[in-house]
Amino acid sequence: EIEHAGGSALRLRADTGDYEQVSAAVERIRVQFGAHPQVLICSAAILGPIGPFVESNPKTWHEVVQTNLIGVLNACRAVLPHMLDRRCGKIIILSGGGSTTARANFAVHEATKTALVRFVEALAEEVSDSNVQVNCMAPGEAYTHMTDQILAAGERAGWQEIEEAKQVRMTGGIAAEKQI
């Protein structure tokens, strides 16, 4: 869409859980566009195990923590030196609803999203004197692959989650202009 509108875009594939890959991607962007990063938006996330925590496989926890938390830490670490050197930048991290209310059957996901909120609070304090802004937002429900995962999980997700996911699939979720 950016290119079709006349802009320049660069598509890169990197594992956000691997700092070296993220750092290399940031460097490639810097070289390609001849500028340091000014804005970082972290929105990658996975739900992980859906169902009672006591029944979850510990091996699946690692992937959720690696994607939802470590990926954000890696991205922030990769861009912050550039932002701090230039004394400007904005970082926006999507925490999602998982950080605002407890959701049964999504314990590991909720833990990572809540950790992000505290990370953002701490990092914002660290860099506040450098004119780098770090914020967290929960824009509201939108139809994504995670909606389908909840529906596919059936009873393991819980009846309320299933009803909400059905509504989101039907409506597309909260309209972009109403997301905060």
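- Under the 4.5 Å side-chain criterion, counting only non-hydrogen atoms from C-beta, V108 is not in contact with T60.
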Going through the distances and angles, do R11 and E3 end up as a salt bridge (charged side-chain N to carboxylate O under 4.0 Å, His left out)? CA-CA 11 Å; R11 292 172 294 280; E3 291 170 341; 3.3 Å; yes
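- No side-chain donor-acceptor contact under 3.5 Å links D15 to the backbone of Q21.
- Under 4.0 Å is where a charged nitrogen must lie from a carboxylate oxygen, and between K113 and E110 no such pair does.
- Under a 3.5 Å cut-off, the side chain of T67 and the backbone N or O of V64 do not form any donor-acceptor pair.
- Partners of E161 under the side-chain hydrogen bond (donor to acceptor under 3.5 Å, both in side chains) rule, at least two apart in sequence or in another chain, are R103.
- Counting heavy atoms from C-beta on, the side chains of I91 and I93 come closer than 4.5 Å.
- Dense packing is recorded around CG of N57, with more than 12 heavy atoms of other residues, nucleotides or ligands lying under 6.0 Å away.
- Proximity of a side-chain donor or acceptor of T144 to a complementary backbone N or O of M146 within less than 3.5 Å is detected.
- The shortest distance between side-chain heavy atoms of P37 and V26 falls below 4.5 Å.
- Using a 4.5 Å cut-off on side-chain heavy atoms (C-beta onward), C42 and L94 make no contact.
- Heavy atoms from other residues, nucleotides or ligands lying under 6.0 Å from CD of E27 number more than 12.
- Within the structure, the ring pair (Phe, Tyr, Trp, His ring centres under 6.0 Å) test picks out the following pairs touching residues 71-101 (sequence neighbours left out): H36-H82.
- For S56 (side chain) and F53 (main-chain N/O), a donor-acceptor pair under 3.5 Å exists by modelled atom type.
- Under the 3.5 Å distance criterion, the side-chain polar atoms of R87 are left unmatched by any main-chain donor or acceptor of N131.
- Within a 6.0 Å radius of NE2 in H4, no more than 12 heavy atoms belonging to other residues, nucleotides or ligands are found.
- Of the possible donor and acceptor atoms, none in the side chain of S23 sits under 3.5 Å from a partner among the backbone N and O of Y19.
- The backbone N or O of V168 sits nowhere less than 3.5 Å from a side-chain atom of E141 that would complete a donor-acceptor pair.
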Sequence neighbours excluded and cut-off under 3.5 Å, please list the side-chain donor-acceptor pairs for residues 118-126, or say none.
from	atom 1	to	atom 2	distance (Å)
R118	NE	E121	OE1	2.6

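- Looking at N74, its side chain does come within 3.5 Å of a backbone N or O of T16 through a donor-acceptor pair.
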